[in-house]
There are 2 protein chains.
Amino acid sequence: MQEYDLKQEVTDKYSLRGRVFNKVREDILSGKYRENDELKEIAIGEELGVSRTPVREAFRQLELEGLIQIIPNKGAYVTGITMDDVKDIYMIRSKLEGLCAAWACEHITKEQLEEMEENIYLAKFHAERGHFEQMSELDSRFHEIMYEACHSKLLEHNLRDYHQYVMRVRKKTLSTVERSIACNAEHQGIYEAIRDKNAKLADELATLHVHKAYENMVKNGLREAYSNE
Amino acid sequence: MQEYDLKQEVTDKYSLRGRVFNKVREDILSGKYRENDELKEIAIGEELGVSRTPVREAFRQLELEGLIQIIPNKGAYVTGITMDDVKDIYMIRSKLEGLCAAWACEHITKEQLEEMEENIYLAKFHAERGHFEQMSELDSRFHEIMYEACHSKLLEHNLRDYHQYVMRVRKKTLSTVERSIACNAEHQGIYEAIRDKNAKLADELATLHVHKAYENMVKNGLREAYSNE
DNA sequence: CTTCGTATGATTGTATACAATTATACGATT
DNA sequence: AATCGTATAATTGTATACAATCATACGAAG
């Protein structure tokens with residue numbers, strides 16, 4: 001009886017399809033491919049040294065993730081995230097992160113709580129020094145812990161999707177020392193609420209946290225953050 | 001300049017892949033395939049008269065929708081919806097339907113409001129007479145109007161997914177005259193709030209509506225509703 | 001000069017062939 | 001009799017070939 005890695009989820013690294021999927025997804029999120037760029041099966045295939053078949057399968061998945069749009073018999077095009085989309089995502093996320101925090105109160109493990117504490121402690125160090133790369137990593141990880149702790153595969157999956165979706169935008173939202181410090185303080189509040197099993201408070205704080213992040217982004221100019229320069 | 005049908009979204013009916021996708025999805029949701037059933041590419045392909053290629057592509061999409069799990073080099077297995085999943089979905093939906101109703105206040109058109117009104121009027125007729133099939137249809141349509149009216153592609157897509165996901169369960173939740181009438185009354189309340197552009201109230205009522213639906217389902221025995229007899 | 005239509009090329013859609021992996025059956029060994 | 005190993009079958013993973021569709025270019029008609 002073999003146990004299969006649950007983390008594989010969708011995109012096993014070891015199949016060609018999985019490799020293509022991950023690579024293209026990363027290239028879209030990192031901004032290598034821009035809005036409305038046409039992705040050609042042969043070109044991508046040659047670049048990665050595979051045939052069209054795994055590329056096509058990866059494309060179908062990317063379409064469902066909303067990263068590309070496939071027009072039958074025509075081609076695959078990178079779907080841009082509009083400013084309205086970003087706003088929608090943050091509003092949706094704020095609701096769902098609240099739910100997630102509330103559920104985490106019931107299901108979080110001692111280890112996860114400890115990792116949160118460590119995360120916040122370390123983030124304080126980097127926040128004060130303006131180490132934005134590390135802050136972005138730590139912020140992502142903090143939310144990731146919460147997603148795991150809520151103990152709902154569906155909510156976890158949903159939130160992770162949105163989180164990835166606005167990744168490039170999100171990096172910029174932490175790009176001031178003030179916001180980094182405030183953000184970490186908000187994490188601290190959420191952490192304490194979860195630790196104390198105060199679901200209502202955790203919900204409120206997590207909801208507010210995402211709202212704040214959005215407001216900050218708007219203040220700093222969503223337009224610049226959004227466009228790829 | 002050709003205009004492409006936005007409703008196509010992902011699953012155009014006219015490609016083999018789209019047909020396979022829709023068929024298998026429907027068969028899973030309708031209960032033809034049960035939890036942990038193994039779906040074989042060749043078998044599905046022969047059943048629909050297509051080769052393995054479009055079947056494989058459809059499978060990759062179904063995996064991302066969470067309806068099947070693909071284990072590399074092994075097979076595709078139907079992932080069941082557990083009772084916990086159903087609860088999660090209702091809780092998530094309750095939050096998102098609230099958001100949806102609130103947003104609909106800003107964006108709903110006169111035509112959509114009129115269709116809602118008609119929907120409620122007609123539903124009153126069928127509710128009192130215990131026409132559960134029609135009620136189910138009307139209920140789905142009511143929510144569908146709201147999804148369209150919220151004017152957010154992302155939220156609309158998200159809600160529609162979950163709605164589909166619990167379809168078989170949902171049908172049973174309307175299977176009493178009392179619940180049908182109560183449900184329609186709740187729709188009426190949501191409709192009026194949206195009509196009066198009272199976003200806060202619309203949010204609350206829609207949130208409550210989904211909660212009520214869930215509670216009713218639990219009361220009527222989620223276990224029987226969930227299992228395929 | 002513009003416009004329409006056809007021809008050509010490029011790209012996607014599908015089917016099939018082959019390779020790699022996994023499951024099963026059966027027999028040999030202990 | 002139980003267990004291990006090998007051979008065989010079944011199934012998925014990938015590559016390639018062919019068909020269908022779409023885009024482009026170019027020339028003829030007005």
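In what follows, chains carry the letters A, B, and so on, assigned in the order in which the sequence lines appear, proteins first and then strands, with residues in each chain numbered from 1.
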When the ring planes of His187(B) and Phe142(B) are compared, do they come out parallel, tilted or perpendicular, using 30° and 60° as the limits?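 The rings of His187(B) and Phe142(B) lie parallel, inter-plane angle below 30°.
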Under 6.0 Å from the ring centre and within 45 degrees of the ring axis: does the NZ or CZ of Arg56(B) meet both conditions for the six-membered ring of Phe59(B)?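 The answer is no, since Arg56(B) fails at least one limit relative to Phe59(B).
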Salt bridge or not between [X] and [Y]? Use side-chain N to carboxylate O under 4.0 Å.
X	Y	answer
Glu47(B)	Lys32(B)	yes
Asp203(B)	Lys95(A)	yes
Arg141(A)	Glu148(A)	yes

Report all interatomic pairs (protein N or O, nucleotide N or O of nucleotides 5-9 of chain D) with separations under 3.5 Å.
none

Classify every nucleotide of nucleotides 11-19 of chain C by which part a protein heavy atom approaches to under 4.0 Å, writing B for the base, S for the sugar-phosphate alone and - for neither, in 5'-to-3' order. SBBBBBB--
Pairs in or reaching into residues 93-119 of chain B: which pass ring-ring contact (aromatic ring centres under 6.0 Å, His included), with residues at least two apart or in two chains? His107(B)-His151(B)
Min side-chain heavy-atom separation Met116(A)-Met146(A) under 4.5 Å: yes
